[in-house]
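Got a structure here, written out as structure tokens. Questions coming.
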Amino acid sequence: MLESLKQFWDVMDEIDEQTWVLEPEKPTRSATMRRIAIGNNVSLNIEVDPRHPKMLPECCFLGADHVVAPLKNKLNTNMHLWNPDYSILHNLKEVLEIEFTLPGSQEKSSFSMDCGICYSYRLEAAIPDQVCNDPRCGQPFHQTCLYEWLRGLPSCRQSFNIVFGECPYCSKVCTTFYDYSVAGFV
């Protein structure tokens with residue numbers, strides 16, 4: 001059984017050695033997720049399948065939309081370049097056309113992705129995946145926290161399931177959506 005996990009561990013060791021892993025800080029052998037620093041206030045969450053460690057992992061970009069959108073587009077456009085004969089790290093560099101940030105090359109606070117409202121990273125199973133629309137701000141929030149914040153503002157507007165209001169940090173227009181299925185509405 002241990003022999004069957006060797007390739008997975010080799011892949012994860014390469015990621016740990018050649019990128020700046022923000023989370024988990026001290027990964028265990030059972031950890032299949034890594035949050036990797038890409039650039040200033042931008043990181044990539046990957047979830048590697050231990051049974052197929054060289055296949056395209058589940059990817060979630062975290063950061064301001066003006067930086068994340070081009071990365072998502074590159075991933076979608078270049079996905080056909082993925083070669084399972086190469087490591088995940090090599091493939092990610094090729095597909096995303098990036099070099100990963102090395103540890104210590106920037107301040108760790110540049111990659112802080114704590115929610116700007118509740119000041120935590122994890123809220124139940126959610127991570128801060130909503131970001132202020134203003135590229136100069138780019139503050140991340142949990143969808144639930146941002147929704148509650150915006151709904152509490154007197155200037156809040158709602159159109160269908162999209163809520164508009166002011167960012168708690170920069171006061172620029174900020175939007176989020178409300179998922180009725182999560183709230184028990186269908």
Side-chain angles (χ1 to χ4, degrees), residues 1-115 118 120-131 138-145 177 179 181-182:
M1 183 64 163
L2 290 176
E3 189 61 35
S4 69
L5 294 171
K6 183 180 180 343
Q7 190 177 34
F8 166 72
W9 289 330
D10 290 345
V11 165
M12 300 310 275
D13 287 344
E14 179 188 21
I15 292 169
D16 292 341
E17 291 165 7
Q18 296 185 23
T19 66
W20 190 349
V21 176
L22 301 170
E23 254 192 301
E25 286 189 25
K26 293 183 172 123
T28 62
R29 287 306 216 185
S30 64
T32 60
M33 184 280 295
R34 296 292 190 274
R35 184 164 70 102
I36 304 169
I38 293 180
N40 195 17
N41 289 320
V42 181
S43 59
L44 169 64
N45 253 6
I46 61 169
E47 184 76 35
V48 179
D49 183 350
R51 295 167 298 177
H52 308 286
K54 290 195 172 185
M55 298 307 290
L56 177 66
E58 185 179 319
C59 297
C60 176
F61 294 97
L62 303 169
D65 193 48
H66 73 282
V67 179
V68 167
L71 291 170
K72 286 180 182 177
N73 288 339
K74 283 182 185 176
L75 180 63
N76 291 331
T77 303
N78 296 335
M79 198 178 297
H80 69 279
L81 299 174
W82 194 272
N83 185 343
D85 293 335
Y86 295 117
S87 71
I88 284 180
L89 195 57
H90 174 82
N91 277 308
L92 285 172
K93 288 178 182 179
E94 292 296 313
V95 169
L96 298 175
E97 301 170 0
I98 62 169
E99 286 296 322
F100 287 98
T101 303
L102 295 174
S105 61
Q106 294 184 24
E107 291 291 320
K108 185 157 183 166
S109 62
S110 297
F111 299 101
S112 174
M113 292 298 289
D114 294 341
C115 174
C118 73
S120 67
Y121 180 68
R122 291 217 180 267
L123 179 66
E124 296 168 5
I127 58 175
D129 60 353
Q130 303 288 298
V131 182
Q139 178 64 45
F141 307 101
H142 295 111
Q143 189 271 330
T144 306
C145 294
F177 70 95
D179 187 354
S181 63
V182 172

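Keep in mind the model is a prediction, meaning the values are calculated, not measured. No hydrogens, no waters, no symmetry mates; every other heavy atom, side chains included, goes into these values.
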Test I36 against every option in I15, L22, N45 by the side-chain contact (heavy atoms from CB on, under 4.5 Å) rule and name the one that passes.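 When I15, L22, N45 are each tested with I36, the side-chain contact (heavy atoms from CB on, under 4.5 Å) holds only for I15.
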Would you mind reporting whether I38 and S43 have side-chain heavy atoms less than 4.5 Å apart? no
Charged N to carboxylate O below 4.0 Å: is that the case for D85 and K54? no
Going by heavy atoms in the side chains, are D16 and P27 under 4.5 Å from each other? yes
Between N91 and L81, is a side-chain contact (heavy atoms from CB on, under 4.5 Å) present by the stated rule, with each step listed? CA-CA 8 Å; N91 277 308; L81 299 174; over 6 Å; no
Taking side chain as C-beta onward, heavy atoms only, is R35 less than 4.5 Å from V21?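 Not in contact.
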Going by atom types only, do N78 and E94 share a side-chain donor-acceptor pair under 3.5 Å? no
Residues, nucleotides or ligands: over 12 heavy atoms within 6.0 Å of E47 CD: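 More than 12 heavy atoms, drawn from other residues, nucleotides or ligands, come within 6.0 Å of this atom.
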I'd like to check L71 versus N73 (side-chain heavy atoms, cut-off strictly below 4.5 Å). Are they in contact? no
Between K6 and D13 (salt bridge meaning N to carboxylate O under 4.0 Å), is one present in this structure?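 Looking at D13 together with K6, the answer is no, because their closest N to O distance does not fall below 4.0 Å.
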Please round to the nearest 0.5 Å and tell me the distance separating atom CD of E99 and atom NZ of K93.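 Spacing of CD (E99) from NZ (K93) equals 5.0 Å.
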Is there side-chain contact between K74 and V95, with at least one heavy-atom pair below 4.5 Å?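 No, every pair of side-chain atoms sits at 4.5 Å or beyond.
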Between L92 and Y86, does a side-chain contact (heavy atoms from CB on, under 4.5 Å) hold up when you go through it step by step? CA-CA 10 Å; L92 285 172; Y86 295 117; over 6 Å; no
For residues P50 and L5, determine if any side-chain heavy atom of one lies less than 4.5 Å from a side-chain heavy atom of the other. yes
Going through the distances and angles, do L56 and M79 end up as a side-chain contact (heavy atoms from CB on, under 4.5 Å)? CA-CA 8 Å; L56 177 66; M79 198 178 297; 3.8 Å; yes
Measuring from atom CG of L96 to atom NZ of K72, what distance do you get when rounded to the nearest 0.5 angstrom?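 Rounded to the nearest 0.5 Å, the CG-NZ separation comes out at 12.5 Å.
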Using side-chain heavy atoms (C-beta onward) and a distance below 4.5 Å, is I88 in contact with V48?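 Touching, per the 4.5 Å side-chain cut-off.
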Less than 4.5 Å apart, side chain to side chain, heavy atoms only: is that true for C59 and L44?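 Side-chain contact under 4.5 Å: yes.
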Nearest heavy-atom neighbours spanning A31 and M12: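 So the two residues come closest at O-CE, 3.7 Å.
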Kindly determine whether F141 and L123 satisfy side-chain contact (heavy atoms from CB on, under 4.5 Å), including the steps that lead there. CA-CA 10 Å; F141 307 101; L123 179 66; over 6 Å; no
Between P128 and C115, which heavy-atom pair has the shortest distance, and what is it?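 Where P128 meets C115 most closely, the heavy atoms are CG-N, 3.7 Å.
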